[in-house]
S.K.: 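Here it is, the structure in full.
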Amino acid sequence: MSEQKRRPEDGQREFADVAWSVPSYLLSGMIIWGGLGWLLAGVTGQSWLIPIGLVIGVGLATYLIYLQLGRHTS
């Protein structure tokens, strides 16, 4: 089997993938968990659930980013 040669554009594509995935994870975590907090706040009348949902969303998104990009395997 022949090894595929690595082109210079591949490194740029990998960087672009990482550059787009980090804000995407953060934004989607805030939208999903903040939206869940907003829905629960509307049902229960507890407005403090919105910022709690946002914080949980950012925290979980940060953890997912760490799992995907933060660990280096050798």
Side-chain angles (χ1 to χ4, degrees):
M1 301 218 171
S2 65
E3 288 187 32
Q4 291 183 352
K5 292 187 178 182
R6 196 172 169 109
R7 298 182 307 200
E9 302 89 34
D10 291 342
Q12 293 172 351
R13 271 193 212 120
E14 289 175 13
F15 178 76
D17 290 343
V18 170
W20 280 105
S21 66
V22 171
S24 298
Y25 275 118
L26 290 171
L27 187 60
S28 63
M30 288 172 44
I31 289 171
I32 291 170
W33 287 93
L36 184 61
W38 177 71
L39 286 173
L40 287 173
V43 170
T44 62
Q46 306 286 328
S47 63
W48 55 270
L49 291 172
I50 299 170
I52 296 298
L54 290 170
V55 169
I56 290 172
V58 169
L60 289 174
T62 304
Y63 179 66
L64 287 175
I65 291 167
Y66 167 74
L67 287 180
Q68 183 182 13
L69 305 172
R71 290 197 242 171
H72 296 288
T73 57
S74 41

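Computed from a predicted model, the values in this text were never measured in an experiment.
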S.K.: Filter on side-chain hydrogen bond (donor to acceptor under 3.5 Å, both in side chains), then keep only pairs touching residues 40-56, sequence neighbours left out; what's left?
M.R.: Gln46-Trp48
S.K.: Sorted by first residue and then second, give each side-chain hydrogen bond (donor to acceptor under 3.5 Å, both in side chains) pair with at least one member in residues 18-30; sequence neighbours left out.
M.R.: Tyr25-Gln68
S.K.: Test of understanding: clusters of I, L, V, M, F, W, Y form through side-chain heavy atoms closer than 4.5 Å, transitively. Do Leu64 and Ile32 belong to the same one?
M.R.: no
S.K.: Clusters formed by hydrophobic residues whose side-chain heavy atoms approach within less than 4.5 Å: which one holds Val43, and what are its other members?
M.R.: none
S.K.: Using side chain to side chain contact (heavy atoms under 4.5 Å, CB included) as the criterion, list what pairs up with Leu26, not counting sequence neighbours.
M.R.: Val22, Val58, Ala61, Thr62, Ile65
S.K.: Tell me, please, which residues at least two apart from Ile50 pass side chain to side chain contact (heavy atoms under 4.5 Å, CB included).
M.R.: Trp38, Ala41, Leu54
S.K.: May I ask whether Ile52 and Leu36 are part of the same hydrophobic cluster, defined by side-chain heavy atoms of I, L, V, M, F, W, Y residues being less than 4.5 angstrom apart, directly or through others?
M.R.: yes
S.K.: Starting from Leu27, walk the hydrophobic network (Ile, Leu, Val, Met, Phe, Trp, Tyr; side-chain heavy atoms closer than 4.5 Å) and list everyone else you reach, by chain and number.
M.R.: Ile31
